[in-house]
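What follows is a short report on a single structure.
First listed ligand is number 1; within each ligand, the first listed atom is number 1. In this chain, residues are counted from 1 in sequence order.
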Amino acid sequence: MHHSAKPRLQRLFLGKYLFCALLAIAAAVPLARPSFAPQPAKNVTLTVAGFGYQAAEQLQAEGLKEFIRNTGIQVQFLPAWGNSADQLGVILRTLDRHFSTPDVYLIDVIWPATLHQHLLDLRPYLKSDPSQYLPELLKNDTVAGRIVSLPFYLNAGMLFYRTDLLKKYGYRQPPASWQELEKMALHIQRGERAAGHSPFWGYVWQGASYEGLTCNALEWQASFGGGRIVAPDGTIQVNNPQTANAFRMAARWVGSISPPSIISYSESDSLNLFRSGNAAFMRYWSSGYRTTQAPGSQVRGHFNVTELPAGPAGRAQIVGGFQLAVSRYSAHPREAAQLVEYLTSSKIQRSRAIEEGYLPTISQLYSDVDLLDVVPEATVFRSASRDSWIARPSAIAAAKYSALSKNYYETVHRILTGQSSPEAALSDLQQALADLKINAASRGN
Ligand code: GLC
């Protein structure tokens with residue numbers, strides 16, 4: 001039922017396969033429009049890469065219709081596969097070759113600084129004021145003074161918890177600290193199993209060796225006061241007792257309150273288990289709320305979301321999410337920028353939040369009462385202390401982020417599987433990250 005970590009060869013093969021598939025589709029795009037279709041006013045078709053099938057369909061059914069009607073610009077989607085790293089590989093190989101399509105890319109929040117040289121500066125094209133976006137996100141999208149992408153939606157790490165089970169076991173509040181979470185998870189797990197509910201687990205999260213583990217682990221590390229991997233001045237922060245303690249805690253969960261197979265869990269594995277009613281708590285992204293509340297979810301109406309528990313140094317939750325960017329090699333930069341500005345506009349973001357639960361990236365929408373009413377995840381985000389929301393060090397590491405994150409999650413994975421002690425693993429990691437020579441200058445501004 002669960003994905004296991006893919007062997008390297010298979011991943012390589014998959015990468016090649018995806019790349020060829022992307023090329024084939026990209027080459028076919030101009031032919032794909034049926035000849036009997038009415039010619040759009042500007043005779044421009046934009047290709048957008050990075051959306052899943054469902055997300056592309058939703059967008060086509062809603063916001064895009066108006067855009068197409070008003071501008072005459074056609075929009076086609078190239079479906080995305082794989083996780084963030086797989087997608088980055090395909091995007092980089094396409095952009096490195098200066099292909100004119102895709103015109104627009106949906107990219108993870110960690111990639112603007114990696115891809116910036118290939119991306120169009122959107123600033124000269126914008127009609128609206130970019131300061132409407134959350135300042136942290138706009139800063140992340142601005143590289144060397146150029147706005148290379150615009151924030152499309154925000155994804156925030158949160159704790160999902162079962163309201164029915166908390167009540168059943170006499171808890172009035174979700175856990176405020178990791179210690180409390182451990183106790184509650186164990187207690188509920190024991191009780192449920194004793195009542196014949198097996199398999200049942202206390203806590204699920206993302207423990208496979210990939211970007212998702214970087215997010216989970218940095219939340220543990222930061223909440224223990226172990227730093228943020230790279231400090232703003234470029235100092236590497238991993239080899240310290242706080243981080244070792246944080247990772248020791250998580251390693252203890254494997255096989256106790258979390259399934260032994262948690263070390264191969266990515267997002268969908270944890271979500272499936274929680275949705276099927278077999279876990280008390282889950283670390284997931286805000287983007288999981290709607291599907292957990294949808295018909296078909298066993299826990300519909302029986303769960304809620306809140307901030308992740310605090311460690312000795314307070315709470316920490318990763319801000320993820322996706323951005324829209326225009327390729328510098330697009331033959332239609334103006335139209336592509338127009339599409340990106342439209343899709344990230346307040347109007348579209350508001351309806352995507354209300355209809356589909358995507359957290360907005362526009363500050364003002366966090367005081368829209370109608371929106372807050374139906375998007376509880378937005379309320380969690382809004383009411384949490386700003387200091388507790390943390391970004392991965394992708395802006396400072398820039399093109400080295402991918403290597404940094406891989407070193408980091410592989411190390412954490414070795415600790416989780418008991419292959420290394422936290423101390424030995426973190427001392428090696430400190431050296432490996434120092435060897436990457438990340439400094440404030442590597443960002444290029
Ligand atoms: C989510 C986040 C993204 C993050 C990924 C990790 O998709 O939005 O920022 O990189 O999870 O698995």
*If you draw a 6.0 Å radius around CD in Q173, do more than 12 non-hydrogen atoms from other residues or ligands fall strictly inside?*
no

_Just to be sure I understand the cut-off, which residues have at least one non-hydrogen atom under 4.0 angstrom from an atom of ligand 1?_
D108, V109, N155, Y210, E211, G212, E267, W285, G320, G321, F322, R392

*Determine the interplanar angle of the Y358 and Y153 rings, folded into 0 to 90°, and report it as parallel if under 30°, tilted if 30 to 60°, perpendicular if over 60°.*
tilted

*Do S297 and T292 get their side chains close enough for a donor-acceptor pair, meaning under 3.5 Å?*
no

*Please round to the nearest 0.5 Å and tell me the distance separating atom CG of L106 and atom CG of L78.*
12.0 Å

*Mind running side-chain contact (heavy atoms from CB on, under 4.5 Å) on Y408 and V238 for me, showing each step along the way?*
CA-CA 9 Å; Y408 183 76; V238 287; 4.1 Å; yes

*Donor on one side chain, acceptor on other, E267 and Y210, under 3.5 Å*: yes

